[in-house]
Amino acid sequence: RLMSEGAAAGHWVCLQNCHLAVSWLPKLDRLLEEMRDSDGVHDSFRLWLTTMPTPKFPVAVLQSSLKLTQEPPKGLKANMARSYIDMDEAEFESCD
């Protein structure tokens with residue numbers, strides 16, 4: 001539903017952790033194929049998918065996508081520093 005509404009209105013849609021819904025990935029592939037063949041997709045529509053590597057991810061989706069990767073920093077100290085950088089001061093102060 002969100003993909004259809006976003007495609008029609010030109011919204012950005014983000015589907016996170018797609019690797020956790022492996023059984024749904026073939027349906028995602030069909031939905032995207034239907035969107036490619038449709039004239040009702042707004043020029044501003046963008047679909048963001050987040051996933052961990054999985055061999056079950058549809059190859060057609062990967063081949064027609066722009067892929068970005070993000071690797072976590074190495075080590076506990078670097079991970080903690082990154083967590084604090086992402087947090088604003090109000091959020092940090094609200095922690096008990």
Identify the heavy atoms of Gly6 and Val13 that sit nearest to each other, and give their distance. CA-CG2, 4.1 Å

Residue pairs passing the side-chain hydrogen bond (donor to acceptor under 3.5 Å, both in side chains) test where at least one lies in residues 48-67, sequence neighbours excluded: Arg36-Ser64

Which heavy atom of Met35 sits nearest to which heavy atom of Met3, and what is that distance? CE-O, 3.4 Å

CG/Asp88 to OG/Ser94 distance, rounded to the nearest 0.5 angstrom? 8.5 Å

Would you say that Leu25 contacts Val61 through its side chain, given a criterion of any heavy-atom pair below 4.5 Å between the two side chains? no

Could you tell me the separation between the CG atom of Leu31 and the CG atom of Leu47, rounded to the nearest 0.5 Å? 10.0 Å

Do Leu28 and Leu62 belong to the same hydrophobic cluster, where Ile, Leu, Val, Met, Phe, Trp and Tyr are linked whenever their side-chain heavy atoms lie under 4.5 Å apart, directly or via other members? yes

Selection residues 7-28 - residue pairs positive for side-chain hydrogen bond (donor to acceptor under 3.5 Å, both in side chains), sequence neighbours left out: none

